[in-house]
Structure formats: C-alpha cells, structure tokens
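Have a look at the structure below before the remarks.
On a predicted model such as this, the values are computed, not experimentally measured, just so you know. When a ligand or atom number is given, it counts from 1 through the structure's own listing order.
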Amino acid sequence: MHVIDSHTGGMPTRVILDGGPDLGTGSLAERAQLLATAHEQFYKSVLLEPRGQPGMVVALLVEPDNAACTTGVIYFDADAVLGMCGHATIGLGVTLAHLGRIDSGVNRIDTPVGLVTIDLKDANTVQVTNIESRCVHHALTIETAEFGPVTGDVAYGGNWFFIIEPSPILVVPENIRALTDMAIVIREACIAQKVGGENGEPVDHVIFQCASPNDGVHSRNFVLCPDNDYDRSPCGTGSSARLACLAASGRLPAGEEIIQESVIGSRYRLSYQTSQGKGIIPRLTGQAHIMSESRLIFAENDPFRMGIRR
Ligand code: PYC
C-alpha cells in the first residue's frame, strides 16, 4: 500500500494512493458507508499503532462521482469514517502538489458529503472552500453526571459538533488530558440525550472554544475527534461549524477574516460567504508539510498487522 504522510499544523494525514479495499461502484456516499460497515479491520490496521499514530486521519483516494473533480476522497480516523476533514484536505492538496498531480490554482475534490475546492497558494499553503455549514441549535443544555449541566451549540461543518464557549477548562497544552476527558463525557451525554443533527445524526466531535491571549488571533480551540484523540490543527470542519455559529449569532460578518488557533498554537485563517441555503460557505487557509512517502506491508506472520487494539 503506497502512502504519503503529511501534517497540517501538527495534525497527521496519510494519503493512500493505492492498495485500499474494493468498495464497488456505488456513489461516493455509498462507498464510504461500505468502508465504515465492512472494512473496519482495514481502516484500523492503517491507523492504529504500530503503522499509524494517534490522531492521524487517512485520505483514501477513490473515483469521484463528479467527473469535473480532480479526485474523490474518503476520510477516516481509527474509529470512524468522516464526512469531510479540513486538515486532511489541506494535507491532500500539498500531497497532490508534491506528486505533481496539481498546479497552483483551484481544483475540485469530491467527498461523501459534497464537493469542496482546494486552492493551492504555494507548495505548503492551501485554501479550502468547504461544503455549506450550519448552526442547528443555539445554547442547548445537556446534563452530565460528572460535570453537571453543560451548554453549547450544535453545528455541522461536514461532521457534527457540540461547541462549548467559553471553555470551562483553560485551553492550554498542559490541560489536554482534562479537556479530552471532559469532552468524551460531553459527547457521550449528547448521544445519550439524542442531541445532534436535524435527522438524528449523532454528535461526533466536541469543541471547547475560548479567546486567545495572542495579538491578532480571534480565538483558540480544543477539538475532540471520534477516535478520542484531539485535533492538533484548529480542525477544518470544526472551524466551519464554528463560523456558522458566529454568523448565525451576528458575531462575524461575511467576508471578514479571522485567525483561529488550536490548543497547540497552529493556525488557520477563516472567513465565510453567505449561501443560498440555510447556512454559510466556509473558507479556511492553512499549511501542511510532507513527512514521508512509503509502502505499508501487512505480513501474514505479523501479530500486529491489524494494529494494536485499544
Ligand atoms: O480538520 O476537519 C478536520 C478534522 C476532523 C477530524 C480531524 N480533523
């Protein structure tokens, strides 16, 4: 299996160029569903240690539904197939440029949740225009046994987010363990209390949001992903969901650019345009760096060829 690894603001992406499972000829959404339901062993083996690393997301290149797209892609982490992934789309753009498959300028990418565009600004910088994102519930309170009531917004940015602002815990690297533990409890409470999308979609990510102490930076976040690890980048789909909430509450006008930083200090530039539908069209710009190009080997006699199960 031929892979290229990059990181976007510290968050790893593994692009699989060939060697994935046969997902048939259904729509991209159907192929993603088949990957989620019938190929769990495959996606765990590529992402769990020893071949993978915590937090890593795979971008599996597949045929697009839409022939006008440069490629189709299915994103997944060690625990779930994702609708979209912002940091991995930036990593994908830089990887395709590294391979000489795209030049500077705009390319369309097909994902299971819709078409996104990447605009390659230089060898490391990509601007992503995401799918329409929306805030579906404002200031909803859930109950948790450990932390009492917690209030947040439910929003969609390609994945489903519960966004708590201001964060009850200081968003600094020293608190990553405490932030992770609290976010897991909150996600479980959202699922148990059926807080999610309009059609019952479960919350799969939790965001703690706060002001940044750094000049010129609008805000800082901590994002919990489905694999119970945190996003080292400011999370592209999470930033999209948050932009939708800022727009819905009149806190950010269309076209105004802000800087969002992650808990480890990596940054995206964010803005949005209004859309015809209920939400907004987010735009995020970030940087990725190639780390390695390799072939993964899964020998029959390797006791950990399926990854170290957690
Ligand atoms: O950047 O959208 C994102 C993302 C989702 C999960 C990890 N990163």
Side-chain angles (χ1 to χ4, degrees), residues 5-15 32 36 43 46-47 52-60 73-95 109 111-114 116-118 125-134 155-163 176 179-180 183-184 187 201-209 219-245 259-270 272 280-289:
D5 292 354
S6 62
H7 74 87
T8 306
M11 187 66 168
T13 301
R14 171 163 286 169
V15 176
Y43 66 78
V46 180
L47 280 171
Q53 57 173 294
M56 185 175 240
V57 169
V58 161
L60 175 65
V73 60
I74 301 174
Y75 296 113
F76 52 93
D77 73 11
D79 274 284
V81 173
L82 305 169
M84 223 306 269
C85 181
H87 93 263
T89 304
I90 295 170
L92 173 62
V94 167
T95 300
I109 305 289
T111 80
V113 294
V116 303
T117 67
I118 51 174
T125 309
V126 175
Q127 183 173 76
V128 178
T129 302
N130 196 7
I131 54 154
E132 183 174 290
S133 301
R134 59 192 191 279
Y156 179 71
N159 297 300
W160 285 95
F161 293 84
F162 192 70
I163 305 175
I176 284 171
L179 289 158
T180 303
I184 292 172
R187 190 185 54 211
E201 299 92 339
V203 163
D204 40 34
H205 294 66
V206 172
I207 301 185
F208 294 119
Q209 195 71 51
S219 41
R220 175 185 287 180
N221 68 15
F222 169 90
V223 184
L224 179 79
C225 299
D227 60 0
N228 286 347
D229 219 305
Y230 73 99
D231 200 330
R232 280 72 171 162
S233 83
C235 190
T237 51
S239 294
S240 300
R242 155 104 165 132
L243 279 172
C245 295
I259 295 175
Q260 163 83 49
E261 67 185 0
S262 71
V263 61
I264 64 158
S266 52
R267 294 177 179 181
Y268 286 162
R269 296 204 321 267
L270 306 175
Y272 72 89
I280 54 129
I281 304 297
R283 185 166 276 184
L284 44 128
T285 307
Q287 291 208 315
H289 295 266

Who are the side-chain contact (heavy atoms from CB on, under 4.5 Å) partners of A288, not counting sequence neighbours? T8, I90, V94
S262-Y230 side chain donor-acceptor pair, cut-off 3.5 Å: no
For T285, which residues count as a side chain to side chain donor-acceptor pair (under 3.5 Å) partner, sequence neighbours excluded? Q127
Test: salt bridge (Lys or Arg N to Asp or Glu O under 4.0 Å). Region: residues 74-83. Which pairs qualify, not counting sequence neighbours? K44-D79, D79-R310
N/O contact list for ligand 1, threshold under 3.5 Å:
from	atom 1	to	atom 2	distance (Å)
ligand 1	1 (O)	G86	N	3.3
ligand 1	1 (O)	H87	N	2.8
ligand 1	1 (O)	G236	N	2.7
ligand 1	2 (O)	G86	N	2.8
ligand 1	2 (O)	G236	N	3.4
ligand 1	2 (O)	T237	N	2.8
ligand 1	2 (O)	T237	OG1	2.7
ligand 1	8 (N)	H87	ND1	2.9
ligand 1	8 (N)	D231	OD2	2.8

R267 to I259 - nearest heavy-atom pair and separation: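 That closest heavy-atom pairing would be CD-CG2, 3.9 Å.
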With a 3.5 Å distance limit and no angle check, can you tell me whether S233 reaches the backbone of G9 through a side-chain donor-acceptor pair? no
